[in-house]
Student: 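Following this message is one structure expressed as structure tokens.
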Amino acid sequence: MNKEKTKQLKKSVANYAKPDTSAGVRQLVNTVLPLIALWSLAYISLSWSVWLTVAIAAITGGFVVRLFIIFHDCTHQSFLKSNKANRIIGTITGILTLFPFEKWKRAHSIHHATSGNLDKRGTGDIWIMTVEEYAKAPLRTRLLYRLYRNPVVMFGFGPLYLFLVSNRFNRKGAKGRERTNTHITNVSVVVLYALIIALVGWKAFLIIQLPILYVSGVLGIWLFYVQHQFEDSYFEEESDWDFVKAAVDGSSYYKLPRVLQWISGNIGFHHVHHLSPRVPNYHLEKAHEETPPLKHATTITLKTSLESIRFRLYDQKAKTFVTFREAKSRIKKYRISLPQNRQPSLQDK
């Protein structure tokens with residue numbers, strides 16, 4: 001794609017970057033009200049069956065994912081027209097989903113600005129090493145990377161780490177607004193949970209809330225993982241990196257069944273979102289359908305997305321993800337040596 005076509009594509013998608021207050025309000029209503037209703041139904045069902053309660057809680061977790069997409073749009077200032085309204089709604093939905101608004105907003109904006117850039121990994125990303133880097137890494141780093149990329153760890157313990165550790169503490173060097181927002185989020189979560197426990201009791205609260213958080217956490221991590229971890233995803237060094245190619249070739253179109261597309265707030269149109277983050281989630285599908293070049297983005301389905309679980313390392317020479325076993329043979333074949341002029345990524349450091 002030449003520069004003129006690239007410019008035109010960005011311009012075409014930018015036409016959909018127009019927040020619609022009525023659409024945003026409708027989405028808030030059809031997300032928050034069902035979430036509250038399902039939480040209440042889960043509590044009522046405790047008198048019938050704990051397993052029924054857990055099942056209802058799991059469904060409720062899906063609505064937490066949808067609520068997170070609203071939070072996510074607010075961090076891009078795309079959900080509503082008013083920046084102040086986006087910040088307020090974003091902070092409130094952040095409390096309900098256990099994400100500090102300002103902290104996540106910063107990390108996610110860096111992710112968008114550096115997605116697919118091999119020299120600027122490390123903030124707001126899933127940890128990815130190239131075959132070359134893995135071959136040169138010390139044993140301790142390779143073991144940590146293998147542990148991190150293990151599905152049991154990533155999807156089993158990942159949600160716990162995300163909710164209990166990563167989202168609860170400020171990063172080193174965080175500015176005043178970011179630090180304050182994290183503290184406000186934490187205090188608000190404690191107060192909210194204390195009020196709910198006072199109403200329903202701590203046992204009922206744990207039986208309902210833990211499955212909700214776990215299911216929403218697993219689904220959230222999976223969506224973020226699979227939309228950049230497909231076989232021929234786009235990764236380049238800084239000198240060759242291109243924002244539009246990173247968006248269209250490095251982000252997938254996750255074609256989901258209608259119900260799951262609705263629950264996930266259209267985030268499956270991830271290539272559109274990365275091309276123009278200011279497009280609100282309720283306009284993503286329209287932007288995709290009415291912009292012909294975007295239909296050439298890599299399309300994955302529920303079935304084909306499962307293949308991404310086996311991807312572990314990025315082969316920079318072959319431009320593809322590989323398994324650890326495949327990497328072993330390629331290391332011997334390539335006689336690995338890292339380019340001397342390559343700047344280390346944040347994770348290399």
Student: Measure from the ring center of Tyr16 to the ring center of His283 and say whether it is less than 6.0 Å.
Tutor: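 No, too far apart.
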Student: Search all heavy atoms of Asp315 against all heavy atoms of Val131 and return the closest pair with its distance.
Tutor: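 For Asp315 versus Val131, the nearest heavy atoms are CA-CG2, 3.8 Å.
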Student: In this structure, would Val187 and Ile95 fall into the same cluster of hydrophobic residues linked by side-chain contacts under 4.5 Å?
Tutor: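 No: no chain of side-chain contacts under 4.5 Å links Val187 to Ile95.
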Student: Is Arg171 paired with Glu102 through a side-chain N to carboxylate O contact shorter than 4.0 Å?
Tutor: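 So Glu102 does not pair with Arg171 through a salt bridge.
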Student: Over 60° means perpendicular and under 30° means parallel, so tell me whether Phe324 and Tyr134 are parallel, tilted or perpendicular.
Tutor: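 If you compare the ring of Phe324 with that of Tyr134, the planes turn out tilted.
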Student: Minimum heavy-atom separation for Ser78 and Arg278, please, with both atom names.
Tutor: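 Minimum heavy-atom separation between Ser78 and Arg278: CB-O, 3.3 Å.
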Student: Taking the six-membered ring for Trp, are Tyr254 and Trp222 ring centroids under 6.0 Å apart?
Tutor: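 No: the rings miss the under 6.0 Å criterion.
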Student: Does NZ or CZ of Arg312 come closer than 6.0 Å to the centre of the six-membered ring of Phe321, within 45° of the ring's axis?
Tutor: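 Arg312 over Phe321 ring: no.
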Student: Measuring centre to centre across the rings, with the benzene-like ring taken for any Trp, is His228 within less than 6.0 Å of His111?
Tutor: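 Centroid separation for His228 and His111: below 6.0 Å.
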Student: Taking all heavy atoms of Ala297 and all of Val248, pick out the closest pair and write down the distance.
Tutor: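 The pair with the smallest heavy-atom distance is CB-O, 3.8 Å.
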Student: Taking the basic N atoms (NZ, or NE/NH1/NH2) and the acidic carboxylate oxygens, is any pair closer than 4.0 Å for Glu133 and Arg121?
Tutor: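 Yes, Glu133 and Arg121 are salt-bridged.
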Student: Distance-only, no hydrogens or angles: does the Thr304 side chain make a donor-acceptor pair with backbone N or O of Ile300 under 3.5 Å?
Tutor: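 No.
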Student: Could you tell me if the ring centre of Phe68 sits under 6.0 Å from that of Phe99?
Tutor: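 Yes: the rings meet the under 6.0 Å criterion.
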Student: Going by an N to O cut-off under 4.0 Å, is there a salt bridge joining Glu178 and Lys105?
Tutor: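 No, this pair does not count.
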Student: Output yes when a side-chain donor or acceptor of Ser329 lies under 3.5 Å from a complementary backbone atom of Glu326, and no otherwise.
Tutor: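 At least one qualifying donor-acceptor pair exists.
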Student: Among His273, Arg66, His76, Gln27, which residue satisfies the side chain to side chain donor-acceptor pair (under 3.5 Å) criterion with Asn281?
Tutor: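 With Asn281 as partner, His273, Arg66, His76, Gln27 yield a single side chain to side chain donor-acceptor pair (under 3.5 Å), made by Gln27.
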Student: Would you please classify the geometry between the Tyr225 ring and the Phe155 ring as parallel, tilted or perpendicular, with 30° and 60° separating the classes?
Tutor: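 Taking Tyr225 first and then Phe155, their aromatic rings stand perpendicular (interplane angle over 60°).
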Student: Given the rule in the salt bridge (charged side-chain N to carboxylate O under 4.0 Å, His left out) test, do Glu289 and Lys295 qualify, once you have shown the distances and angles that lead to the verdict?
Tutor: CA-CA 7 Å; Glu289 293 296 335; Lys295 294 186 178 181; 3.7 Å; yes
Student: Is a donor on one side and an acceptor on the other found under 3.5 Å between the side chain of Tyr314 and the backbone of Ser233?
Tutor: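 Such a contact is found between Tyr314 side chain and Ser233 backbone.
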Student: Between CH2 of Trp241 and CZ of Phe243, what distance do you get to the nearest 0.5 Å?
Tutor: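 Answer for the CH2-CZ pair, Trp241 versus Phe243, is 6.5 Å.
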